[in-house]
Amino acid sequence: MMTLRNLFFSAMAGLVMAGSAVAEPQPLDRIAVLVNDGVVLESEITSRMANIKASAIKSGQALPSDAALRVQITDRLINESLQLQMAERMGMVISDIQLDQTLENMAREQNITLADLKAKVEADGENYAQYRESVRREIILGQVQRVQVQRRIQVSPQEIETLVKMIEDQGLKEAEFKIGHILIEVTNNDAKSVEKARGQAEKVLGLLEGGADFAKTAISASAGPKALEGGDWGWMNINAMPTLFAELVRSGKKGDIIGPVKSAAGFHIIKVEDTRGQQTQEVQELHSRHILLKPSPILSEDMAQKMLADWMAQVRSGDADFAELAKEHSDDPGSAIKGGDLGWADPSIYVPAFESALANLKPGEYSQPFRSTHGWHVVQLLERRTTDTTQQMNSDRAYQLIFRRKFNEQATAWQQEMRAKAYIEMVE
């Protein structure tokens with residue numbers, strides 16, 4: 001963004017140079033739009049127009065007339081100027097280190113090095129220094145927009161719940177379940193017959209949970225219509241199932257055994273043999289505990305490592321208790337009061353060194369002392385489990401969909417408010 005003050009000094013410098021040497025007259029850049037105390041230059045418009053035309057030619061995209069394109073580009077540059085002015089008032093600065101990290105990430109996403117990215121930019125006829133500054137500008141625009149727009153957005157739990165239900169219902173329309181079914185029939189509807197059938201159903205359920213073959217059990221015990229087929233109802237969409245089945249399996253996962261559930265016919269036991277077309281997500285969670293020592297001017301790196309090694313030797317020999325050592329010595333106050341216990345967690349939330357240490361352990365094993373960004377640790381893996389996080393995945397997806405919709409709406413409103421308050425003059 002170029003201010004009027006900068007433009008004035010640039011013009012004066014040009015006049016001084018022109019007075020000191022005889023040269024051909026050169027056309028000066030001109031102001032196209034005044035935007036508060038900043039300007040949009042004619043060169044910015046023509047440069048942006050040339051870039052858009054070059055991109056359109058590459059992609060085979062049709063463009064409107066130059067006049068219509070110029071209006072769109074000028075409008076965009078006015079909005080950017082207003083946002084950059086706001087970023088300047090907020091003291092928002094992108095350092096060269098931050099910029100280099102962003103460029104490295106951009107290169108990594110394309111599976112190339114930063115040097116390759118530079119070569120690619122220059123091969124396209126662009127100046128790499130100018131390209132760097134355009135990326136810096138985009139980062140600032142993105143940050144100021146996020147800061148200003150996010151505070152205007154509220155997403156209620158009710159909105160998320162409603163959208164999650166829609167997502168789940170849509171997923172169920174496309175999902176199919178392979179169902180196994182056992183019916184323990186109630187011959188007479190008196191209390192004694194019902195209790196007898198209930199007891200038989202509970203016994204069958206116990207056998208199945210103990211590992212009994214479902215098909216064999218269905219053939220021998222079921223009074224259902226598919227008993228001779230081992231209770232196999234095959235693949236069915238939820239809308240094609242009997243209502244009772246649909247209600248029971250809508251949240252079921254492969255391998256789930258559901259029941260006994262009573263109906264007028266008797267007691268039903270359903271097994272979800274398999275599913276397909278259903279979007280699910282599972283994560284492996286770990287239960288662990290640790291002791292952390294943070295090096296300081298008093299506690300050196302070597303001393304922290306040795307202390308942990310000595311304590312672990314005492315724990316392994318039975319002369320010390322891990323939990324008591326954590327309570328007394330750990331520099332992680334949140335877990336220290338719980339004997340170093342970190343509870344169940346997705347290991348990806350931990351720093352890389354800690355995650356890596358846990359990945360190499362079996363339940364019950366202790367690590368050797370290791371260094372992370374937090375300090376020196378020893379960690380014990382207590383348990384592993386697989387958790388279905390489909391519900392959380394759908395909630396996160398619903399939140400993101402609602403947030404993006406509201407962000408786009410509020411970003412437009414915010415830009416309109418800025419435009420309404422700004423001094424903007426087209427310079428003919």
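Residue numbers count from 1 along this sequence.
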Any side-chain heavy-atom pair from [X] and [Y] closer than 4.5 angstrom?
X      : Y      : answer
Met303 : Leu293 : no
Arg151 : Val147 : yes
Met236 : Glu176 : no
Met426 : Ile78  : yes

Using a 3.5 Å distance criterion without hydrogens, assess whether the side chain of [X] forms a donor-acceptor pair with backbone atoms of [Y].
X      : Y      : value
Ser335 : Leu342 : no
Thr412 : Asn408 : yes
Ser81  : Val35  : no
Ser288 : Gln380 : no
Glu365 : Leu381 : no
Asn127 : Ala129 : yes
Asp75  : Val71  : no
Asp232 : Glu229 : no

Heavy-atom count around [X] [atom1] within 6.0 Å, excluding the residue itself: above 12?
X      : atom1 : value
Glu161 : CD    : no
Ile349 : CD1   : yes
Glu104 : CD    : yes
Lys120 : NZ    : no

Gap separating the [atom1] atom of [X] from the [atom2] atom of [Y], nearest 0.5 angstrom:
X      : Y      : atom1 : atom2 : value
Ile269 : Leu208 : CD1   : CG    : 6.0 Å
His329 : Leu292 : NE2   : CG    : 13.5 Å
Leu299 : Trp376 : CG    : CH2   : 11.0 Å
Thr387 : Glu285 : OG1   : CD    : 3.5 Å
Leu99  : Arg137 : CG    : CZ    : 14.0 Å

- Query: Would you say the side chains of Gln284 and Arg384 form a donor-acceptor pair under 3.5 Å?
  - Reply: yes
Going by atom types alone, do Ser395 and Gln392 pair a side-chain donor with an acceptor below 3.5 Å? no
Residues in side chain to side chain donor-acceptor pair (under 3.5 Å) with [X], at least two apart?
X      : answer
Asp213 : none
Arg371 : Glu301
Thr386 : none
Asn360 : none

Next on the checklist: Can you confirm whether or not the ring centre of Phe177 sits under 6.0 Å from the ring centre of Phe245?
Outcome noted: no
Presence of salt bridge, [Y] and [X], under 4.0 angstrom:
X      : Y      : result
Arg132 : Glu126 : no
Arg136 : Glu133 : yes
Arg152 : Glu417 : yes

Scan the side chains in residues 309-316 for donor-acceptor partners under 3.5 Å anywhere in the protein, sequence neighbours excluded, and list what turns up.
| from | atom 1 | to | atom 2 | distance (Å) |
| --- | --- | --- | --- | --- |
| Asp310 | OD2 | Lys306 | NZ | 2.9 |

Residue set satisfying ring-ring contact (aromatic ring centres under 6.0 Å, His included) with Phe370, at least two apart, ordered chain then number -> Phe354, His377
Taken in chain and number order and not counting sequence neighbours, the residues that satisfy side chain to side chain contact (heavy atoms under 4.5 Å, CB included) with Asn51 are Ser47
Applied to residues 198-217, the ring-ring contact (aromatic ring centres under 6.0 Å, His included) test, sequence neighbours excluded, yields none
ring-ring contact (aromatic ring centres under 6.0 Å, His included) pairs touching residues 101-139, sequence neighbours excluded, are none
For residues 399-407, dump all side-chain donor-acceptor pairs below 3.5 Å to protein atoms at least two apart in sequence or in another chain.
| from | atom 1 | to | atom 2 | distance (Å) |
| --- | --- | --- | --- | --- |
| Lys406 | NZ | Gln154 | O | 2.6 |
| Lys406 | NZ | Glu159 | OE1 | 3.1 |
| Lys406 | NZ | Glu159 | OE2 | 3.0 |

Residue pairs meeting side chain to side chain donor-acceptor pair (under 3.5 Å), one or both in residues 199-209, sequence neighbours left out, come to none
- Kindly determine whether Asp116 and Thr113 satisfy side chain to side chain donor-acceptor pair (under 3.5 Å), including the steps that lead there. CA-CA 5 Å; Asp116 293 334; Thr113 66; 3.0 Å; yes
Residue pairs meeting salt bridge (Lys or Arg N to Asp or Glu O under 4.0 Å), one or both in residues 328-348, sequence neighbours left out, come to none
